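Worksheet for the structure shown next.
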Number of protein chains: 2
Amino acid sequence: MRGNLFAVGVDLVVLTVRDDELCVLLVRRTEKPFEDTWGLPGGFVAPDEDLPDTAARELAAQTGAGTAGRVSGHLEQIAGYAAPDRDPRGRVLSVAFLALLPDMPDPDQPDVVSGWHPVADVTDLAFDHAQILADGVERARETLEYTTLAAAFCPPEFTVTDLRRVYEAVWRTEIDPRNFSRKVTSTPGFLVPTNRHVTGGPGRPAQLFRRGPATRLHPAMLREPAVRVG
Amino acid sequence: MRGNLFAVGVDLVVLTVRDDELCVLLVRRTEKPFEDTWGLPGGFVAPDEDLPDTAARELAAQTGAGTAGRVSGHLEQIAGYAAPDRDPRGRVLSVAFLALLPDMPDPDQPDVVSGWHPVADVTDLAFDHAQILADGVERARETLEYTTLAAAFCPPEFTVTDLRRVYEAVWRTEIDPRNFSRKVTSTPGFLVPTNRHVTGGPGRPAQLFRRGPATRLHPAMLREPAVRVG
DNA sequence: CGAAATTCTCGTCAGGCTGACACTACCGCG
DNA sequence: CGCGGTAGTGTCAGCCTGACGAGAATTTCG
């Protein structure tokens, strides 16, 4: 065993969709380095703790107890980051995790040191967190193409339109509501219909659905490939 | 900074296709723990080294100098592994990388302590390397669906049949040669035709191609979803 | 109350892509 | 030369998607 040792932390890219915008949970740093700048929430791995345990513990601590154990929501590893100069304090390896959560009402006493920020507006994060955030967002975009995980952004019961708005916010595109509805309702195991409908809003009431057992989307729902300009 | 420090290593899942079989590079361990069992090649991260540097260095050391710098071939991170008991010597975090290489002739003096093993035959690896290998193979299978990286398994010039055999070996399926040819030759930027043909074998000579600039395959070449039995 | 606006849902249709497969082109071999 | 074998083209039906049209069910407004 070499003497070249690392501190190991976990950083979280916690995403949600609120007001039709993809948002990320950021914390205001109160310590050096990068004091008074925004960064991803995270913490160090405790003795006898595995990486997913650390991620779940930090997620619960940052978003409210019990959140990590919700039926909805999702947590997966993105990658490890260990550039020699990424932390001025010394060699720190960070394993980033991606968490997808339904939009939740703000706590009664808003926390001034952490909050949701539209991903499109984020600039100047601490450490290499801008890169980690970019990787996490790209992972989320790809995940929506091939899996049913968009429902992780939704509360336990939701409408087809709720689900469509998730795709539109994450991909920053518009999707035809009729074709989208046909796709998701005809995929076996994606949506389980309840027979209740939402009321109150304008227009015809929409049916409420629950997440089904399917995890993979087949065939995939492919975004248009990025258009090559010029 | 906490006192809970980790040794950090890089493990490699080096895959190639030889004799129509997906093979992985394994090394025979000569030290404890897991002495005299097979494991993935790897090593510790050196001071001032980033993870991809370590992976490239180890890959070059294990497969012959200069290999890591080939035009063909591919190296990407899989994930970090840090279960508390994964190494009996203490806390070791390992970042796994996936390398895809073209099949190369064996060195003149075969190395008895490292060699290619069909993935289907591998059992009982050291540490948690069986899990890492499984994750790497699954990543490779998915990558072939959505990208043009199958060509990383091929030498600089190859035929459509060579490429099809890569897909068949990695996915363990059979693909219709005519439909496969239509798909890959009609994808812009995947294959660049040379006007030379292979000679010598039976049958009509096949045209030789080079890798094109395309990286994404759109639409994807989707495997059949796993059939639910029962 | 009635009309307009809004939203959800089902239908239709053309075009693209895929799987299945007939058929032709070109090689080595006996 | 005929034959088996491999490479590549052509065809066709079926599925899926994008682009709508149109009806259903509710709220909002005059």
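The model shown is predicted, which means the values in this text are computed figures rather than measured ones. In what follows, chains are A, B, ... by sequence order, proteins preceding strands, each numbered from 1.
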Winner on side-chain proximity to D176(B), out of dG8(D), dT7(C), dC21(C), is dC21(C)
Minimal heavy-atom distance between K183(A) and A220(A), with the atoms involved, is NZ-O, 4.0 Å
Legend entry - Phosphate-side-chain proximity, T161(A) and dC8(C), N/O vs OP1/OP2 below 4.0 Å: yes
Picking from dA7(D), dC27(C), dT26(D), the nucleotide nearest the side-chain atoms of P205(A) would be dT26(D)
Here the distance between atom C1' of dA20(C) and atom CD of E174(B), to the nearest Å, is 15 Å
Do L12(A) and V10(A) come within less than 4.5 Å of each other through their side chains, counting heavy atoms only?
yes
Please confirm whether any donor atom in the side chain of R204(B) sits under 3.5 Å from an acceptor in the base of dA7(D), or the reverse.
-> yes
Rounded to whole Å, the CG-P distance (D162(A) to dT7(C)) equals 13 Å
Please tabulate, one pair per line, each protein N/O and nucleotide N/O from nucleotides 14-18 of chain D that are separated by under 3.5 Å, including the distance.
residue	atom	partner	partner atom	Å
dT17(D)	OP1	K183(A)	NZ	2.8
dG18(D)	N7	R182(A)	NH2	2.9
dG18(D)	O6	R182(A)	NH1	3.0

Contacts of G201(A) and R178(A) projected onto DNA chain D by closest heavy atom; the upstream (5') one is R178(A)
From the list V170(A), L101(A), D103(A), side-chain contact (heavy atoms from CB on, under 4.5 Å) with F153(A) holds only for V170(A)
Value for CD1 (I132(B)) from CZ (R86(B)), rounded to nearest 0.5 Å, stands at 5.0 Å
From CD of Q207(B) across to C1' of dT6(D) the rounded distance in Å is 15 Å
Between CZ of F180(B) and P of dA20(C) the distance, given in whole Å, is 16 Å
Residues passing the side-chain hydrogen bond (donor to acceptor under 3.5 Å, both in side chains) test with R204(B), sequence neighbours excluded, are none
Between V160(A) and G203(A), whichever has its closest DNA chain C nucleotide further toward 5' is G203(A)
Exercise for the section: Report yes or no: do Y81(A) and D11(A) form a side-chain donor-acceptor pair below 3.5 Å? Expected result: no
TODO: Without swapping roles, check the side chain of W38(B) against the backbone of D124(B) for a donor-acceptor pair under 3.5 Å.
DONE: no
Between CG of L208(B) and P of dA7(D) the distance, given in whole Å, is 12 Å
Here the distance between atom C1' of dC21(C) and atom CD1 of I175(B), to the nearest Å, is 17 Å
